[in-house]
Amino acid sequence: MTPRAGTLLQAEEIPPDVPGSRAWRVRFASRDLAGRPTESTGIVAAPVDGHADRPVVVWCHGTTGLGDASVPSRQPNPAGELITYPEPVGPEEVDRGVPGMADYLAAGAVVVAPDYQGLGTEGFHHYCVHATGARDAVNAVRSAGRLAEAGAGTRVGVLGWSEGGGMALGVPELPADELAGLDLRAVATFAPGVPALAFEVDRSTIVSEAAIGEVHVMMLVAAHGWLFDDLDPLDLLAPAVVDLLDRDWNRVPSHLLATALARLAAEGPVLAAEPRNVARWAERLRSASAGRSCPAAPVYVATATADTTVPPSWQQAYVEAAVGFGGNVTREDFPGDDHCDVPFTASATASGFLLDHLAGP
């Protein structure tokens with residue numbers, strides 16, 4: 001029998017990386033955008049004082065890769081502050097941890113950090129498919145509620161960066177029945193990636209020149225091309241790139257894919273000479289993306305003004321779309337920051353925003 005989404009399948013206590021906390025590596029049942037059963041792994045961290053009905057902050061991490069070489073919860077000391085690759089502090093192969101972890105735990109919150117389906121579990125990761133990633137976030141929270149020692153309650157705040165910022169923005173757009181029993185209070189994001197809206201704002205550049213950053217475009221196209229039967233990665237990518245992704249998607253994290261793609265780019269074009277089915281790609285991206293309806297909770301967007309990975313104009317496209325639907329969205333610029341600065345620079349502001357909304361019954 002297929003376990004219900006949100007079922008806690010496994011929990012293994014691990015050493016915490018924040019004094020005064022406990023941590024677990026978990027596996028839980030989830031669903032993808034089409035309702036198909038999946039499994040995901042992740043981390044749960046909680047204060048040690050044994051209180052119950054704690055607020056929960058769920059962290060949606062940024063890009064790490066497409067498969068089993070890219071799992072944040074398998075990194076050394078994963079239940080701590082955000083460490084981005086390649087920081088000179090340890091042997092991490094991909095980003096791990098949560099920005100503001102110590103602040104959330106000190107405030108009495110439980111922190112949940114899913115890896116997403118396909119990262120350490122069956123299948124490929126649905127890269128930037130917000131309708132899947134949002135379900136992983138919600139089901140991670142539900143599974144933490146079944147870990148009695150953590151004391152997780154039903155008040156929920158969502159935090160995300162980059163790819164995970166888009167996943168986080170997908171949570172308040174889930175159907176109401178998928179949020180039933182949870183009290184979603186707020187969403188905070190750092191430089192959120194919403195490729196469907198970027199595709200609309202800058203379609204010709206992305207399709208013809210890959211301005212989004214080579215590896216991000218290639219992973220986005222590969223994942224959506226594998227996911228949707230009426231799309232083919234060869235519509236938008238050169239054959240050599242498709243061959244590389246078919247071979248290495250599960251073997252290496254994104255930074256090594258980027259190195260391999262840079263070598264291919266030095267030898268010739270990495271995008272299809274004549275893009276095909278571009279309108280269909282836009283439609284499928286929209287179907288899997290955030291930015292399609294009014295968010296059911298207040299949203300905060302921290303934008304790095306020097307960001308070249310997810311340009312500010314693309315983030316503004318989300319803000320305008322969500323406000324147009326009637327959403328309560330606040331955007332704050334961080335002058336001079338780049339894409340990898342902002343989760344650190346804006347961490348205190350984001351934690352204040354979430355904890356303020358999570359306070360009270």
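Sequential numbering from 1 along the given sequence is applied to the chain's residues.
Linking ILVMFWY side-chain heavy atoms closer than 4.5 Å, directly or via other members, places Trp24 and Val58 in a single hydrophobic cluster. Taking hydrophobic clusters as Ile, Leu, Val, Met, Phe, Trp and Tyr residues chained together by side-chain heavy-atom distances below 4.5 Å, Val299 shares a cluster with Val156. One hydrophobic cluster, built from ILVMFWY side chains closer than 4.5 Å, holds both Val221 and Leu261. Ile14 and Leu8 fall into different hydrophobic clusters, defined by Ile, Leu, Val, Met, Phe, Trp and Tyr side-chain heavy atoms under 4.5 Å apart, directly or through other members. Following chains of ILVMFWY side-chain contacts shorter than 4.5 Å, one can reach Leu234 starting from Leu285, so the two form part of one hydrophobic cluster.
Residues His130 and Arg292 are not in side-chain contact: their nearest non-hydrogen atoms beyond the backbone lie 4.5 Å or more apart. Here the side chains of Leu33 and Leu227 are in contact, with some heavy-atom distance below 4.5 Å. Looking only at side-chain heavy atoms (C-beta outward), Val242 and Asp232 stay at 4.5 Å or farther from each other. Side-chain contact between Phe28 and Thr121 is absent, with no heavy atoms from C-beta onward closer than 4.5 Å. The shortest distance between side-chain heavy atoms of Val187 and Leu169 falls below 4.5 Å. The closest side-chain heavy-atom distance from Leu66 to Asn250 is not below 4.5 Å. Using a 4.5 Å heavy-atom threshold, the side chains of Leu174 and Arg135 count as touching. Using a 4.5 Å cut-off on side-chain heavy atoms (C-beta onward), Leu245 and Leu237 make contact.
Nearest approach of Ala321 to Gly291, heavy atoms of both residues: CB-O, 4.1 Å. Of all heavy-atom pairs between Ala288 and His224, the closest is CB-NE2, 4.3 Å. For the residue pair Gly170 and Ala290, the shortest heavy atom distance occurs at N-CB, 3.8 Å. Listed here is the closest heavy atom pair of Tyr318 and Pro295: OH-CG, 4.1 Å. The two residues Ala240 and Leu264 make their nearest non-hydrogen contact at O-CD1, 3.8 Å. Scanning both residues, Ala144 and Ala150, for their nearest heavy atoms gives O-CB, 4.4 Å.
Using a distance-only test at 3.5 Å, with no hydrogens or angles considered, a donor-acceptor pair links the side chain of Gln117 to the main chain of Phe124. At least one donor-acceptor pair under 3.5 Å links the side chain of Arg25 to the backbone N or O of Ser73. Under a 3.5 Å cut-off, the side chain of Gln10 and the backbone N or O of Val26 do not form any donor-acceptor pair. Checking side-chain atoms of Asp333 against main-chain N and O of Thr305 turns up no donor-acceptor pair under 3.5 Å. A donor-acceptor contact shorter than 3.5 Å is absent between the side chain of Asp248 and the backbone of Val252. Between the side chain of Thr64 and the backbone N or O of Ser70 there is at least one donor-acceptor pair closer than 3.5 Å. Without hydrogens or angle criteria, Arg155 side chain to Asp53 main chain gives a donor-acceptor distance under 3.5 Å. Without hydrogens or angle criteria, Asp341 side chain to Asp338 main chain gives a donor-acceptor distance under 3.5 Å. In this structure, Thr7 contributes its side chain and Pro3 its backbone to no donor-acceptor pair below 3.5 Å. A distance-only check finds no donor-acceptor pair linking the side chain of His339 to the backbone of Asp307 [under 3.5 Å].
Taking SG from Cys128 and CE from Met167, the interatomic distance works out to 6.0 Å, rounded to the nearest 0.5 Å. Atom NE2 of His125 and atom CH2 of Trp249 lie 11.5 Å apart (nearest 0.5 Å). For the atom pair Ile43 CD1 and Asp17 CG, the distance stands at 10.5 Å (nearest 0.5 Å). Note that the OH atom of Tyr127 and the CG atom of Leu119 stand 11.0 Å from one another [nearest 0.5 Å]. Atom CZ of Arg280 sits about 7.0 Å away from atom CG of Leu231, to the nearest 0.5 Å. Note that CG of Leu147 and CD of Glu13 are 8.5 Å apart. Values are rounded to the nearest 0.5 Å.
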- prompt: When you look at Asp136 and Ser30, which way does the side-chain hydrogen bond (donor to acceptor under 3.5 Å, both in side chains) test go after all the steps?
  reply: CA-CA 6 Å; Asp136 275 343; Ser30 191; 2.8 Å; yes
message: With side-chain contact (heavy atoms from CB on, under 4.5 Å) as the criterion, how do Thr63 and Met219 come out once you've worked through the C-alpha distance, each side chain's angles and the decisive distance to 0.1 Å?
response: CA-CA 10 Å; Thr63 298; Met219 291 167 55; 3.8 Å; yes
- prompt: Does the side-chain hydrogen bond (donor to acceptor under 3.5 Å, both in side chains) test come out yes or no for Gln315 and Arg331, once each step is laid out?
  reply: CA-CA 9 Å; Gln315 298 175 51; Arg331 174 181 152 180; 5.9 Å; no
message: Val301 vs Glu332, test: side-chain contact (heavy atoms from CB on, under 4.5 Å). Steps then yes/no.
response: CA-CA 6 Å; Val301 176; Glu332 181 177 6; over 6 Å; no
- prompt: Taking it one step at a time, do Glu320 and Val323 satisfy side-chain contact (heavy atoms from CB on, under 4.5 Å)?
  reply: CA-CA 5 Å; Glu320 292 175 359; Val323 170; 5.9 Å; no
- request: Run the numbers on Asp68 and Arg74 for salt bridge (Lys or Arg N to Asp or Glu O under 4.0 Å), then give the verdict.
  value: CA-CA 10 Å; Asp68 294 346; Arg74 290 184 181 174; 5.4 Å; no
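The stretch residues 268-295 participates, sequence neighbours left out, in no ring pair (Phe, Tyr, Trp, His ring centres under 6.0 Å) pair at all.
Between Arg286 and Glu200 a salt bridge is recorded (basic side-chain N to carboxylate O distance below 4.0 Å). A salt bridge links Glu39 to Arg27: one of the charged nitrogens lies within less than 4.0 Å of a carboxylate oxygen. Ion pairing of Arg96 with Asp115 is absent here, as no side-chain N (NZ or NE/NH1/NH2) approaches a carboxylate O to less than 4.0 Å.
With Phe199 as reference, Val278 is the one residue of Val278, Leu220, Val194 to meet the side chain to side chain contact (heavy atoms under 4.5 Å, CB included) rule. Evaluated for a side chain to side chain contact (heavy atoms under 4.5 Å, CB included) with Val44, the options Val56, Val110, Val141 yield exactly one hit, Val110.
Residues meeting the side chain to side chain donor-acceptor pair (under 3.5 Å) test with His357, sequence neighbours left out: none.
With ring centers used as reference points, Tyr85 lies under 6.0 Å from His255. A ring-centre distance under 6.0 Å is found for Tyr116 and His61.
The 12-atom threshold is exceeded at CG of Asp177, counting heavy atoms of other residues, nucleotides or ligands nearer than 6.0 Å. Open room surrounds CZ on Arg4; 12 or fewer heavy atoms of other groups in view lie less than 6.0 Å from it. No more than 12 heavy atoms of other residues, nucleotides or ligands shown are found within 6.0 angstrom of CD on Glu122.
Trp59 belongs to a hydrophobic cluster with Val18, Val57, Leu82, Val98, Met101, Tyr104, Leu105, Val111, Leu159, Trp161, Phe190, Tyr300, Phe334, Val342, Phe344, Phe353, Leu354, Leu355, Leu358, counting contacts under 4.5 Å between side-chain heavy atoms of Ile, Leu, Val, Met, Phe, Trp and Tyr, direct or through other members.
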